[in-house]
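Each remark here refers to the structure printed beneath this line.
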Amino acid sequence: MLNFGLIIPELTLAATAIIVILLDLFIQRKGVLAVVGIVGVVVAAGFAIAMWGGSSQLIFNDMLVVDNFAVFFKLLFLVIVALVMLASTDYVSKLSRFQGEYYALVLLSALGMMLMAATSELISIYIALELTSISLYALVGFLKDPKSTEASLKYLLLGAVASAVLLFGMALVFGFTGQTQLGEIARSIQGMSLSGVMSSPGLILGMVLMIAGFGFKIAAVPFHMWVPDVYEGAPTPITAYLSVASKAAGFAVILRIFYSAFGLPSWLSLDWGLVFAVLAAIGMTLGNIIALPQTNIKRMLGYSSIAQAGYLMVGLAVVGIASAADVVGRSALLFFLASYALTNLGAFTAIIAISNKVNSDLIKDYAGMGRRAPLLALALTLCLISLIGMPPAAGFMAKFYIFSGAVQHDLLWLVIIAVINSVISAYYYLRVVKVMWTGKPASAAKVPSSGALRVALGLSCLGVLFLGIVPGFAMKLAEMAAKMFGF
C-alpha cells in the first residue's frame with residue numbers, strides 16, 4: 001500500500017534539510033538556518049502528533065509500519081533534534097562556511113532514526129540505519145581538528161565492521177526463514193517445530209550477529225570500544241546527540257525486531273531475554289567502574305552512557321521474559337529512554353556553556369562554577385542527580401519502573417546488580433557536583449551563554465523535573481505506544 005500522507009513527518013524533515021542547504025547558498029545571516037531547521041522540526045512534530053492514536057497500518061509493501069510505537073519515537077527524536085539545534089548555536093558560530101551542512105546532516109540523521117523506528121522489514125531497517133550512521137560519521141569529524149578527525153575515523157571504521165556483522169546476521173535470518181518482513185519471519189519461525197529451530201544453527205547465529213551489530217549502535221558491552229574516544233573528540237552538541245538519539249534509535253529497532261520477529265515461541269524470546277540480561281549486568285558494571293577514574297567530563301559521560309545502556313537492557317530482558325500481552329517491560333523501557341534523553345541533553349548543554357568559557361573539558365576546571373555560573377551549575381547538578389536515579393528527577397522514576405518490571409518477572413538478581421551499580425555511579429557524578437560547588441574558582445568572570453542555549457537547557461531541566469514529579473502522563477503515553485505495537 002502506498003500512502004505518502006502517513007510518512008509526512010519524514011517528508012517534512014527531508015524537505016527542511018534540502019531548504020537549509022539551498023538557503024545556505026544565498027543568505028549571509030547563518031542564524032536563519034537554525035530558525036528554519038527548528039520550524040521544520042516543529043511542523044514535522046505537529047504532523048506526528050496528528051497521527052497519534054490511529055490504527056496500525058503497514059505501508060509501502062509492508063516495509064514501514066505506522067503505529068503509536070513509531071509515532072512515540074518520532075516525537076522523541078524531533079524533541080531531541082530541536083534541543084540539539086538550539087544548543088548548537090554557540091558551537092556552529094565557529095563554522096562560518098559549513099553551518100548549512102551541519103544543520104542538514106543533523107536533520108538527515110534524525111530522518112534516518114525516524115525511519116528506523118517505523119521499519120518493519122530487514123532491508124529497509126538497514127537502509128535507514130546507514131542513512132543515520134553516515135550522517136553521524138560526518139558530524140563527529142565536523143571540527144576538523146586532530147581529535148575530531150581521529151574520532152570520526154574510529155567511528156567510521158568500527159561502524160563499518162558493525163554494519164557488516166549486522167548485515168551478515170540479517171542474511172542468515174533471511175536464508176533460514178526465506179523472509180525479510182518481520183511479521184513473516186515470525187510466522188515462519190512459529191511454523192517450525194522446536195527440533196526444526198534447534199537444527200537451524202544459522203538462524204540462532206543470525207540472531208546473535210544482529211545483537212552484536214545493534215549492540216554497537218547502543219554502546220553495549222562488549223561493543224562499546226568506540227564510545228570514549230568518539231564522545232571526547234566530537235563537537236559537544238554532537239556528543240549529546242549521539243548519547244541519546246542514536247541510543248534511542250538503536251533500542252527502538254531492537255525492540256521492533258526482537259519482539260515482532262523473535263517474540264514467539266516463548267522459549268526463543270526467553271533465550272534472547274536472558275542474553276540481554278547478562279549483557280546488561282556486564283555493561284552497567286564495566287561502564288561504571290571505568291568511569292570512576294575519568295578526569296575528562298565527556299569521557300566520563302561516555303562510560304556513563306555504557307552503564308545507562310546496561311540499565312536500559314534490563315527492560316529488554318523483561319520484554320523477552322514477559323508474555324506478549326505484558327506491556328510492563330516495553331512501557332518502562334520507553335519511559336526510561338525519554339527520561340534519559342532529556343537528562344543527558346541537559347547535562348551536555350550545560351557542559352557546552354561551561355566548556356566554551358573555560359576552554360576545557362577537565363572536571364577540575366569546573367571548580368567554583370557554583371559561584372561563577374550558579375544557574376548552569378544547578379542545571380548540571382539536577383541532571384547528574386537524575387543520572388544517579390535520585391528523586392525528584394526523572395531518572396528516579398525511570399529506574400523505579402524498569403526495576404519494578406524486572407522484579408515482577410523474577411530478575412531480582414539483575415535488579416540487585418543494577419542498584420549496586422547505581423550506588424557506584426553516585427561517586428563519579430557527585431564528584432563533579434562537589435567540584436562545582438566547593439572548589440575554588442580560577443576566575444571570578446561570569447560564564448556567558450546564548451539565549452538559544454539557555455532555552456534548550458531550561459526546557460531539558462523542566463522536562464527532567466516534570467517526568468520526575470508527575471510521571472503519570474508520560475508513562476500513560478509509553479503504555480499506549482507499547483500496547484499498539486506489532487503486526
Side-chain angles (χ1 to χ4, degrees), residues 77 80-81 84 87-88 91-92 94-95 98 101-102 105-106 108-110 112-113 116 129-166 212-251 283 286-288 290-291 293-310 312 340-341 344-345 347-349 351-352 355 360-363 387 428:
F77 296 139
I80 291 170
V81 169
V84 167
S88 296
Y91 245 96
V92 177
K94 305 174 185 177
L95 310 171
F98 305 106
E101 290 88 342
Y102 177 90
L105 285 169
V106 170
L108 289 173
S109 64
M113 293 175 194
M116 283 173 66
L129 180 66
E130 289 305 297
L131 172 60
T132 300
S133 299
I134 292 170
S135 300
L136 292 175
Y137 299 152
L139 286 167
V140 168
F142 225 79
L143 289 180
K144 295 181 173 57
D145 60 23
K147 275 191 174 182
S148 183
T149 302
E150 179 186 353
S152 181
L153 184 59
K154 286 182 178 178
Y155 192 28
L156 171 63
L157 294 176
L158 291 173
V161 173
S163 292
V165 170
L166 175 63
F214 287 123
F216 175 89
K217 303 301 177 184
I218 62 173
V221 173
F223 317 107
H224 66 286
M225 300 79 69
W226 60 278
V227 172
D229 291 333
V230 171
Y231 277 35
E232 182 180 4
T236 306
I238 300 307
T239 302
Y241 190 42
L242 273 174
S243 70
V244 293
S246 179
K247 195 182 296 293
F251 276 99
L286 187 65
N288 282 319
I290 302 180
Q294 299 303 315
T295 58
N296 182 295
I297 195 165
K298 287 170 70 176
R299 287 185 76 87
M300 185 199 81
L301 288 177
Y303 285 110
S304 161
S305 78
I306 295 169
Q308 295 291 334
L312 285 161
Y340 176 67
N344 237 35
L345 282 173
F348 274 108
T349 303
I351 289 168
I352 290 169
S355 296
S360 172
D361 291 320
L362 296 178
I363 295 172
L387 288 171
Y428 60 83

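Positions are given from 1, in the same order as the sequence printed here.
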**OP:** Let me see the working for Val140 and Leu242 under side-chain contact (heavy atoms from CB on, under 4.5 Å), right down to the final yes or no.
**Re:** CA-CA 9 Å; Val140 168; Leu242 273 174; 3.7 Å; yes
Original post:
Minimum heavy-atom separation for Tyr303 to Ala291, with atom names?
Top reply: CB-CB, 3.7 Å
Original post:
At their closest point, which heavy atom of Thr349 faces which heavy atom of Leu345, and how far apart are they?
Top reply: OG1-O, 2.6 Å
Original post:
Which heavy atom of Phe348 sits nearest a heavy atom of Ser243, and at what distance?
Top reply: CE1-OG, 3.7 Å
**OP:** Show the numbers, then the answer: is there a side-chain contact (heavy atoms from CB on, under 4.5 Å) between Tyr102 and Ile238?
**Re:** CA-CA 10 Å; Tyr102 177 90; Ile238 300 307; 3.5 Å; yes
Subject >> Euclidean distance, Thr239 OG1 relative to Leu301 CG, rounded to 0.5 Å >> reply: 9.5 Å
Original post:
Heavy atoms, side chains only, cut-off 4.5 Å: are Phe142 and Pro237 in contact?
Top reply: no
**OP:** Measure the CD1-CG distance between Ile352 and Asp361 for me, rounded to the nearest 0.5 Å.
**Re:** 10.5 Å
Original post:
Measuring from Gln294:CD to Leu362:CG, what's the distance to the nearest 0.5 Å?
Top reply: 11.5 Å
**OP:** Quick one: list whatever passes side chain to side chain donor-acceptor pair (under 3.5 Å) with Ser109, sequence neighbours left out.
**Re:** Tyr241
Original post:
Below 4.5 Å, heavy atoms only, C-beta onward: do Ile363 and Ile297 meet side chain to side chain?
Top reply: yes
Subject >> Between CG on residue Leu105 and CD1 on residue Ile134, distance to nearest 0.5 Å >> reply: 11.0 Å
Original post:
Got Gln308 and Asn344 here, is their nearest side-chain heavy-atom distance under 4.5 Å?
Top reply: no
Original post:
Of the non-hydrogen atoms in Ser305 and Lys247, which two are nearest, and what is the gap between them?
Top reply: O-NZ, 3.2 Å
**OP:** For Tyr428, enumerate each residue passing the side chain to side chain donor-acceptor pair (under 3.5 Å) test, keeping only those at least two apart in sequence or located in another chain.
**Re:** Asn288
Original post:
Taking only residues two or more places apart in sequence, or in another chain, which ones meet Ser148 in a side chain to side chain donor-acceptor pair (under 3.5 Å)?
Top reply: none
**OP:** Taking side chain to side chain donor-acceptor pair (under 3.5 Å) as the test, write out the residues that go with Ser133, two or more places apart.
**Re:** Lys217
Subject >> Heavy-atom closest pair, residues Ala219 and Ala309 >> reply: O-CB, 3.9 Å
Original post:
Does any pair with a residue in residues 294-308 pass salt bridge (charged side-chain N to carboxylate O under 4.0 Å, His left out), and if so which ones, sequence neighbours excluded?
Top reply: Asp229-Arg299, Glu232-Arg299
Original post:
Going from CD on Glu130 to CG on Leu166, what distance comes out if it is rounded to the nearest 0.5 angstrom?
Top reply: 8.5 Å
**OP:** If the plane angle is over 60° it's perpendicular, under 30° parallel, otherwise tilted; pick one for Tyr137 and Tyr155.
**Re:** perpendicular
**OP:** List the steps and the verdict of side-chain contact (heavy atoms from CB on, under 4.5 Å) for Ile306 and Ile290.
**Re:** CA-CA 10 Å; Ile306 295 169; Ile290 302 180; over 6 Å; no
Original post:
Residues in ring pair (Phe, Tyr, Trp, His ring centres under 6.0 Å) with Phe251, at least two apart?
Top reply: none
**OP:** Determine, step by step, whether Leu387 and Tyr340 satisfy the side-chain contact (heavy atoms from CB on, under 4.5 Å) criterion, reporting the C-alpha distance in whole Å, the side-chain angles of both residues, the deciding distance to 0.1 Å, and the verdict.
**Re:** CA-CA 8 Å; Leu387 288 171; Tyr340 176 67; 3.9 Å; yes
Original post:
Quick one: does Ser304's side chain have a donor or acceptor within less than 3.5 Å of a partner on Met300's backbone?
Top reply: no
**OP:** For residues Gly302 and Val227, report the shortest heavy-atom separation together with the two atoms involved.
**Re:** O-CG1, 3.3 Å
